[in-house]
Amino acid sequence: MSYDRAITVFSPDGHLFQVEYAMEAVRRGSTAVGVRGKDCVVLAVERRALAKLQDPRTIRKIVSVDERSVLAFAGLTADARVLINKTR
């Protein structure tokens, strides 16, 4: 089976591959919450268990976009990195 970017690629049992990939990304994602107060904003993200060989300092779900903007993401870091770079 070769990799294809078309949206209508079906598996042999009739499922759309892109839908299955999206469901897997949601399952692997974590929770991100933002609360706005009168004169503050609080961002919180879920910290999941790490793999044994993973350095906890490398997991960042809250990212500074510039000196005035910060964002939190809930999905996969690789997907978020693309959107963060586009936002910057």
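The structure presented is a predicted model; accordingly, all values stated were derived computationally and were not measured.
Environment of CZ in Arg88: crowded, with over 12 heavy atoms of neighbouring residues, nucleotides or ligands closer than 6.0 Å.
Of all the heavy atoms in Ser30 and Lys61, the pair that sits closest is OG-CE, 3.6 Å. Summarising the geometry of Ile62 relative to Ala72, their closest heavy-atom pair is CG1-CB, 4.1 Å, with the distance given to 0.1 Å.
With rounding to the nearest 0.5 Å, the separation of NZ in Lys52 from CD in Gln54 is 14.0 Å.
Arg81 is listed as a side-chain neighbour of Thr77, based on a closest heavy-atom distance under 4.5 Å.
Residues forming a salt bridge (charged side-chain N to carboxylate O under 4.0 Å, His left out) with Arg57 (at least two apart in sequence, or on another chain): Asp55.
Within the structure, side chain to side chain donor-acceptor pair (under 3.5 Å) contacts touching residues 63-74 (residues at least two apart or in different chains) are Asp66-Ser69.
Follow the hydrophobic side-chain contacts under 4.5 Å out from Val45 and you never reach Val33; the two are in separate clusters. Phe73 and Val65 end up in the same hydrophobic cluster when Ile, Leu, Val, Met, Phe, Trp and Tyr side chains are linked at under 4.5 Å. At a threshold of 4.5 Å between side-chain heavy atoms, the hydrophobic network of Ile, Leu, Val, Met, Phe, Trp and Tyr places Val63 and Leu83 in two separate groups.
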